[in-house]
Novice: 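Below are the structure tokens for one structure; questions will follow.
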Amino acid sequence: MFFRRYLQIYLSVCEKKSIFAHKIKIVQMKNLKSLPCLITLLTGIAVCLFFGIAYPYHITYHEQFLLFLYDADYIHSVLCLPGGGADLLGRFVSQWFLYPWAGAVIVALLLMSVQALAARKLCSSVFYGMTLLAPASLVLYVGNIDGLMGGVMALLLALLAAAMMAWFPLALRRVVAPCLLPVLYWVVGPMAVVTVFSMAERWWMRLLLLVELLVLPLLAHQIVALSMQQLFVSPHYFRTPEEVPYLLWLAALMSVVPQLLREIELLWQKRKQQTVKSAMPDMPIRKRLQMAFVVVMALMGGTFVVQGMNPQVEQAQAYYYQARFQRWDRLLQMAQQQEPNSALTSTLHNLALGMKGRLPEKMFTRRQNGIAGLIPPFANDTFSPLCTAEVYYHLGMIHTAQRFIFEAQEAMPDYQKSAACYKRLAETNLICGYYDVSLKYLKALQKTLFYSKWATKTLALLDNEMAIISHREYGALRSSLNKEEYYFSDQELPMMLGKLLLSNRQNRLAFEYLEACYLLTGNLDMFANCFTFAEDLHYPMIPTHFQEGLIMWWSKTHTPNDPLPVGFTPALVQRFDNFVSLVRRQVSDDQIEKQFGHTYWYYQIHNQ
Amino acid sequence: MMRKTIYLLMGAALCLTACGPERVENAVRESAQPAIYPDYLGVTVPVNVAPLNFCMSDESVQLVDLQIKGARAGELHAQGAASTGIDIDAWHSLLAQNAGDSLVLSVSSKDAAGRWHSWQPFAIYVSPDSIDYSVCYRLIEPGYEVWSKMGIYQCNLENYEETALIENTQFKGCVNCHSFNRTQPSDMSLHIRGPHGATLLRIDGEMTAYNTATNHTLGLCVYPYWHPSGRYIAYSTNTTRQVFHIMDANRVEVFDMASDLQVYDIANNRLINVPQICSDTLYETFPVFSADGTKLYFSAAKALPEGNHDIDSLHYNLYSISFDAATGTFGDAAELVLDAAAIGKSISFPRPNYEGTQLVFTLSDYGQFSIWHHEADLYMLNLVSGEVRAMDRANSPDTESFHNWSSNSRWMVFSSRRDDGLFTRLYFCHVDAEGRESKAYMLPQASPREFYTSRFLSYNVPDFVSGPVDLDRNAAVDLIVSPQRTEMK
């Protein structure tokens, strides 16, 4: 109703206005023509800044679950399915998502292209603004951990195909289009429907092509092992095959609807038998309407994007990205700026502290989630086992790390593989001495763009015991491997960490995790018992949280007259007395938190 | 005109020279036989096997030249970089001419420096016993708990062609426990796990989806084995648990916490329990019918006391119990056939041949999940003499596990991790009428190194099929995803 009213006003304005001077009109037309380019450019910049600054780790997430091989069999395996062409291109560009800014630029360029192609016949139309909703939807689609670049490529190629159809004369187009549609379906998948509606054609012809397009998935079903939903809706646009990528289809809709509205508008004008004179609308009003529409749509798109953002997931991705590349300082810096907001980020934050030797000094300065926040139990998803695997890997429980990485990769709902996981699996097998298996992963990685150099370098380590032992990372981890066999049990983490420590008493991280486990569970007797292992690690002084634990244990097991053991800091002992006195006086929790919020003691009473 | 003709002739000559095989010149004569991948030195192959292409183990070799001479007649030349590239028709013709005799293979290799080396020739024996049309198996990543893409595939043994029978890309689930009735492609049992869990039975080409869990059984029916009459299928139902080694190369252990045996009577849609052997103190599994169908062999171990997870102490013995196919009834008591527990070992996957003369099983240190046990080996029990021996010519230092017989009982297929210690590959060995096995050969491929290096999947549960399995994939998937299930009674 609103739309019809709007059209009526717009057309009546066009009819009533007198003609401006010819020169002014030309200038205005030029302005109108350059405006879309500017809007497209601004869209690209906005997208680039969004993914470069606000959402970079959703971009890197896509690369994390990608294995693109420069290999004929791999390329064939992708191309042999409907939508394979778009999928292959999507995977190809996603390789660069290893670098967030490169990814942001690529996504921006692709989304600009989508918008420009969707708006190619609408430069002077009021419906132009609606085309901004397509990149807005795509931003959220790419910003969704399951949204694959193959979907963006499919939309782009479908719009491109529609634009290319305009090159053919009408008669030829009516022969070529039905012939090329099966090819297009195979290249872009069901997104070919966008071509059908975007190409300049009569409605009956579109209907004919649509019927053809509905038959194609049925035929494809006879030759490929994909479900009907995949063949009709999403061959590989979305990581979860059983889900519909609504945002992608919304973008497709927003690419097509403005053009269709424009066609309806022209039909309306034709029906009213407007003269050539009156067909030339009033430029200032038209321009203002167009601009207003653009602004409204841009605002709507922006709001839509902001509403759809998930900062919690972004933080988890960010932490994992830093952990993956062992940028522990950067991770800790991030935590300084923004408190870890989930169990997984807490896990990775603890790991970063541990890797920098600051776990026993700083772990209680952030909210802790018990043992699960230190080493989470296995979950059947693609992401959390990767984070947990990082902890096991650096602890030296390499077989367990390997299992978690393997399982994370297996849990990928689209049954794809990951170069990042292959890299870690090559490393874990190398450390454990399974060289033939490591070789297999390394050979595969040699066929990638960004892991090839590393793989070739690592190949030299295979079967070279001395080189591995003297390797800074692999040598240290090999020396940390368990020497006693038992079955893994995440219900008995302290037992496993204890055995790990007994295998290598120099494994500082294992010691600190073991002690952290006891602190988190409040088992101060075991904490104090195991503290004897600290002797082998030669701490210059007892770390703060460990002292806090020991002082608390001491106060529970000894009388005030017993002399304090050597190593306790008198100021800390005094502080503990103050803490006890506050608790005894039943002072408000806020006040205790203010003074002792970052101590183990506060965690302990708060936890109790 | 003349000049043009000369140019054309020169061009043609150049093309012919460029495309033709390189001549082996000034070769260094090596005193050893070549180290090749896969190792086909001295193997026995069926008369209808696909070409045994191979490459040198040394990956820096640029070119391999192969000259094959039949002991009776014929010869063949092949040359290639990635593999020998044997012409398939010429190979089959050569094999046919030399059935029952041997082929002599002379290999030359061109090293990285461009020097040729000629290696001592080796023989391949061509058995006149043909092998079945194809081998059917599951392809799956050698994982732990989570599964990704998998499917049941068949590979034509005459030409390497692999086709998917069913893949889990069309539905959410795990496909496993496929079994054919004595290699007949028309009769098949297939188990699906996951939200669409079912047992798919295909009898004479007609498919039915069953719910095999009943009130009087432990759970779903697994490990199927067909009765020779085709009327019965033996299953076990197992309540299992999985644990993971912290450092052992054996990675995963799956152990029974309870298990029973059942036989499904297809004609009467009835699950027959075996109360004589089903008890809480015994874990029974891997039931198989004898060749004549009068016995049911199975593995069984003393159950662990409640709360005891000392898996190392689970040792499965081989038992048998008589079976009357006419009435669908069992004998009074099970008979101990092999006491593996007495020697601290465990028996899994018993498989009698279809002649009823030999039974092959996997022997491992403990438990029933021998596929992850690197010490697991194949052993053969002579059902006539009772003699048991290790199949040394088939075994390797790594895992040998699941196995099956060809329809003529002259060939065995088994899975082994010997290639890289993790990914199971298929190996075949000839077993003669006296039960002597030959050296096993790996499932041939056109370009084996490329193929096996890039395949990150394990071959599971291989079984011979005597003809193409004509399974309507979409109809099977429709059955699987539909909620309709025939209940077993």
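To find a chain, count down the sequence lines: A is the first, B the second, and so on, and within it residues start at 1.
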Novice: May I ask you to name which of A/D73, A/V224, A/D414 has the most heavy-atom pairs under 4.5 Å with chain B?
Specialist: A/V224

Novice: What part of B/F423 is in contact with chain A, defined as an atom under 4.5 angstrom from a non-hydrogen atom: side chain, backbone, both or neither?
Specialist: side chain

Novice: Pick whichever of B/M150, B/E167, B/R473 has the most heavy-atom pairs under 4.5 Å with chain A.
Specialist: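 Max contact count across the listed options: B/R473.
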
Novice: Go through the atoms of A/Y392 and report whether side chain, backbone, both or neither lie under 4.5 Å from a heavy atom of chain B.
Specialist: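 For A/Y392, neither part sits under 4.5 Å from chain B.
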
Novice: Would you confirm whether A/E485, through its side chain, and B/M247, through its main-chain N or O, come within 3.5 Å as a donor-acceptor pair?
Specialist: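 Judged by distance alone, yes, a pair lies under 3.5 Å.
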
Novice: Would you say that A/F378 contacts B/V146 through its side chain, given a criterion of any heavy-atom pair below 4.5 Å between the two side chains?
Specialist: yes

Novice: To the nearest 0.5 Å, what is the distance between CG on B/D420 and OH on A/Y434?
Specialist: 12.5 Å

Novice: Relative to chain A, which segment of B/A249 carries a heavy atom at a distance below 4.5 Å: side chain, backbone, both, or neither?
Specialist: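 Contact with chain A is through both the backbone and side chain of B/A249.
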
Novice: Whether the side chain of B/N474 engages the backbone of A/H221 through a donor-acceptor N/O pair (distance < 3.5 Å, no angle test) should be reported.
Specialist: yes

Novice: Can you find a pair of side-chain heavy atoms, one from A/Q402 and one from B/R251, that are under 4.5 Å apart?
Specialist: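 Heavy-atom side-chain distance check passes, below 4.5 Å.
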
Novice: Taking the six-membered ring for Trp and the single ring otherwise, decide whether the centroids of A/F488 and B/H245 are under 6.0 Å apart.
Specialist: no

Novice: Measure A/Q230 against the heavy atoms of chain B and call it side chain, backbone, both or neither at under 4.5 Å.
Specialist: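 Contact with chain B is through the side chain of A/Q230 alone.
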
Novice: Between A/K440 and B/T453, is there a donor-acceptor pair closer than 3.5 Å when you use the side chain of the first and the backbone of the second?
Specialist: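 Yes.
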
Novice: Counting only non-hydrogen atoms closer than 4.5 Å, does A/A444 touch chain B with its backbone (N, CA, C, O), its side chain (CB onward), both, or neither?
Specialist: side chain

Novice: Between A/R403, A/H399, A/K499, which shows the greatest number of heavy-atom pairs under 4.5 Å with chain B?
Specialist: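 So the answer, after comparing A/R403, A/H399, A/K499, is A/R403.
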
Novice: Could you state the interatomic distance from NZ (A/K447) to OG (B/S454), rounded to the nearest 0.5 Å?
Specialist: 5.5 Å

Novice: How close do A/K443 and B/R449 get, counting heavy atoms only, and between which atoms?
Specialist: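 Of all heavy-atom pairs spanning A/K443 and B/R449, the closest is NZ-CD, 4.4 Å.
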
Novice: So which heavy atom on A/A225 is nearest to which on B/Q170, and how close?
Specialist: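 Result for this residue pair: C-CG, 3.3 Å.
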
Novice: B/E450 versus chain A, heavy atoms under 4.5 Å apart: side chain, backbone, both or neither?
Specialist: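 For B/E450, no heavy atom lies under 4.5 Å from chain A.
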
Novice: May I ask you to check whether A/F406 and B/Y144 place their ring centres under 6.0 Å from each other?
Specialist: yes

Novice: Does any backbone or side-chain atom of B/E59 lie under 4.5 Å from a heavy atom of chain A? Answer side chain, backbone, both or neither.
Specialist: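 The answer is the side chain of B/E59.
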
Novice: So, A/K417 and B/E141, do they make that salt bridge, N to O below 4.0 Å?
Specialist: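 A salt bridge links A/K417 with B/E141.
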
Novice: Heavy-atom distances under 4.5 Å only: say whether A/K483 touches chain B with side chain, backbone, both or neither.
Specialist: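 For A/K483, the contact with chain B is made by the backbone alone.
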
Novice: Check whether A/Y441 gets within reach of chain B through its side chain, its backbone, both or neither, counting any heavy atom under 4.5 Å.
Specialist: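 Backbone plus side chain of A/Y441, per the 4.5 Å heavy-atom cut-off to chain B.
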
Novice: Take A/N380 and B/E145 through the test side-chain contact (heavy atoms from CB on, under 4.5 Å) and record every step on the way to the result.
Specialist: CA-CA 9 Å; A/N380 186 353; B/E145 289 172 277; over 6 Å; no

Novice: Do you know which of A/E407, A/M412, A/E484 has the most heavy-atom pairs with chain B at a distance under 4.5 angstrom?
Specialist: A/E407

Novice: Is it the side chain or the backbone of B/D419 that comes within 4.5 Å of chain A heavy atoms, both, or neither?
Specialist: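 B/D419 touches chain A through backbone heavy atoms alone.
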
Novice: Report which part of B/I311 has an atom under 4.5 Å of a heavy atom belonging to chain A: side chain, backbone, both, or neither.
Specialist: side chain

Novice: Quick check: closest heavy atoms across B/I246 and A/T400, and the distance to 0.1 Å?
Specialist: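 Reported closest heavy-atom pair: CD1-OG1, 3.6 Å.
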
Novice: Using non-hydrogen atoms only, which part of A/N429 is less than 4.5 Å away from chain B: side chain, backbone, both, or neither?
Specialist: side chain

Novice: Does any backbone or side-chain atom of A/M228 lie under 4.5 Å from a heavy atom of chain B? Answer side chain, backbone, both or neither.
Specialist: neither

Novice: Counting heavy-atom pairs under 4.5 Å to chain A, which of B/V252, B/N168, B/V481, B/V243 comes out on top?
Specialist: B/N168

